[in-house]
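The structure displayed is predicted, hence computed values, not measured ones.
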Amino acid sequence: MTFAKVTATAHYAPEQVVTNDELSHIMATSDDWIASRTGIRQRHIVQDENTSDLAANVGLQLLKKAALAAEDLDFIIVATVSPDGNMPSTASLVQAKLGASKAFAFDLTAACSGFVYALSVADKLLASGAYRNGIVIGAEVLSKIVDWSDRSTSVLFGDGAGGVLLQAISETPLILAETLKSDGQRGMSLTSHLTQPKSPFSTPELSDDLFLKMDGRAIFDFAVRDVPKNILESLEKAELSPDDIDYLLLHQANSRILDKMARKIKTDRSKFLQNMQAYGNTSAASIPILLSEAVDAGTIQLDGSQKLVLTGFGGGLTWGTLVVKI
């Protein structure tokens, strides 16, 4: 049996950077207020690009790094909550931009857990033996769905994309253990683009609620309560301890969440890689951007020698952990 291997990583962020100080000119906030509560100092914001543009940039980088022709791709999965539109899928637009004429393509919506969910799906596709090469991308243009008059949410989010090329070339599994979770009963604590029936036959006519809205306290409590248990459960399945893990790459929402995670799973805080200070919360893009930066820096090698924890958590509610050997 042949398993998936991550053979390339890539990331892309829009050129325009918006600092906390710049936000203070358009709303009642400050660099100290944002940074002390979240760890975020700046974020990248698009000017004229959309989600598929960011994702396609990552896809092109991946193909170039692996010296792989677009025609050799079997599938493209894009994890996003900010697609170009409902149809066609963002992944289909990426397929067209790459010229990957033989690849099937679809979007996966699991908010900030999206990349983890998508990587799990891609791993199974390649392990089936039916496919050889696939791309998984997390891409977001959250600046188009936040309410810029609401300082409680707009200061948190940024735009960006990251991804991996997976190839069925390994004799050992990529994923050592996984635990994926959802809880729709708590789903309304983080919402976006809620639309209502509108037709001559639907009554009463209700208003849409299109902006991203979040119960910050509820999400923070969910993250620090449920997610450490998820990580520990996954490590137990893999018959590993936190000490056996080289690095933990968690969704980049808030540095204080990472501080609490380290204490709860009893491992060194330095193992938790962090870049939200430069990107803000990029939802499904945060983990692959973090992974790609770590590979570029030489922190992660892609030579099969390191064990990582990849954990996403967010809207749905969704959360999940993959323990990978990469």
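- Residue Asp208 places its CG atom among more than 12 non-hydrogen atoms of other residues, nucleotides or ligands, all under 6.0 Å distant.
- Within a 6.0 Å sphere centred on NZ of Lys260, heavy atoms belonging to other residues, nucleotides or ligands number 12 at most.
- At a threshold of 4.5 Å between side-chain heavy atoms, the hydrophobic network of Ile, Leu, Val, Met, Phe, Trp and Tyr places Leu93 and Val46 in two separate groups.
- There is no path of hydrophobic side-chain contacts, each under 4.5 Å, that joins Leu176 to Val116.
- A donor-acceptor pair is defined here as one N or O able to donate and one able to accept, closer than 3.5 Å; such a pair exists between the side chain of Thr51 and the backbone of Ser82.
- Atoms NZ and CD1, on Lys213 and Ile145 in that order, are 13.0 Å from each other to the nearest 0.5 Å.
- With a 6.0 Å radius and a threshold of 12 heavy atoms from other residues, nucleotides or ligands, Lys64 has its NZ atom at or below the threshold.
- A donor-acceptor pair shorter than 3.5 Å can be found between the side chains of Ser241 and Asp244.
- The aromatic ring centroids of Phe157 and Tyr279 lie 6.0 Å or more from each other.
- A donor-acceptor pair under 3.5 Å links the side-chain atoms of Gln16 to the main chain of Ile45, judged by distance alone.
- More than 12 non-hydrogen atoms from other residues, nucleotides or ligands lie less than 6.0 angstrom from NZ of Lys144.
- Atom CE of Met1 has more than 12 neighbouring heavy atoms from other residues, nucleotides or ligands inside a 6.0 Å radius.
- Side-chain N or O atoms of Gln306 include one that pairs as donor or acceptor with a backbone N or O of Gln301 at under 3.5 Å.
- Heavy-atom contacts from other residues, nucleotides or ligands closer than 6.0 Å to CD of Glu22 number more than 12.
- Between Met276 and Thr38, the closest side-chain pair of non-hydrogen atoms is not below 4.5 Å.
- No side-chain donor-acceptor contact under 3.5 Å links Asp107 and Thr80.
- Residue Phe3 is not grouped with residue Ile135 when hydrophobic side chains (ILVMFWY) are merged at heavy-atom distances under 4.5 angstrom, including chains of intermediate members.
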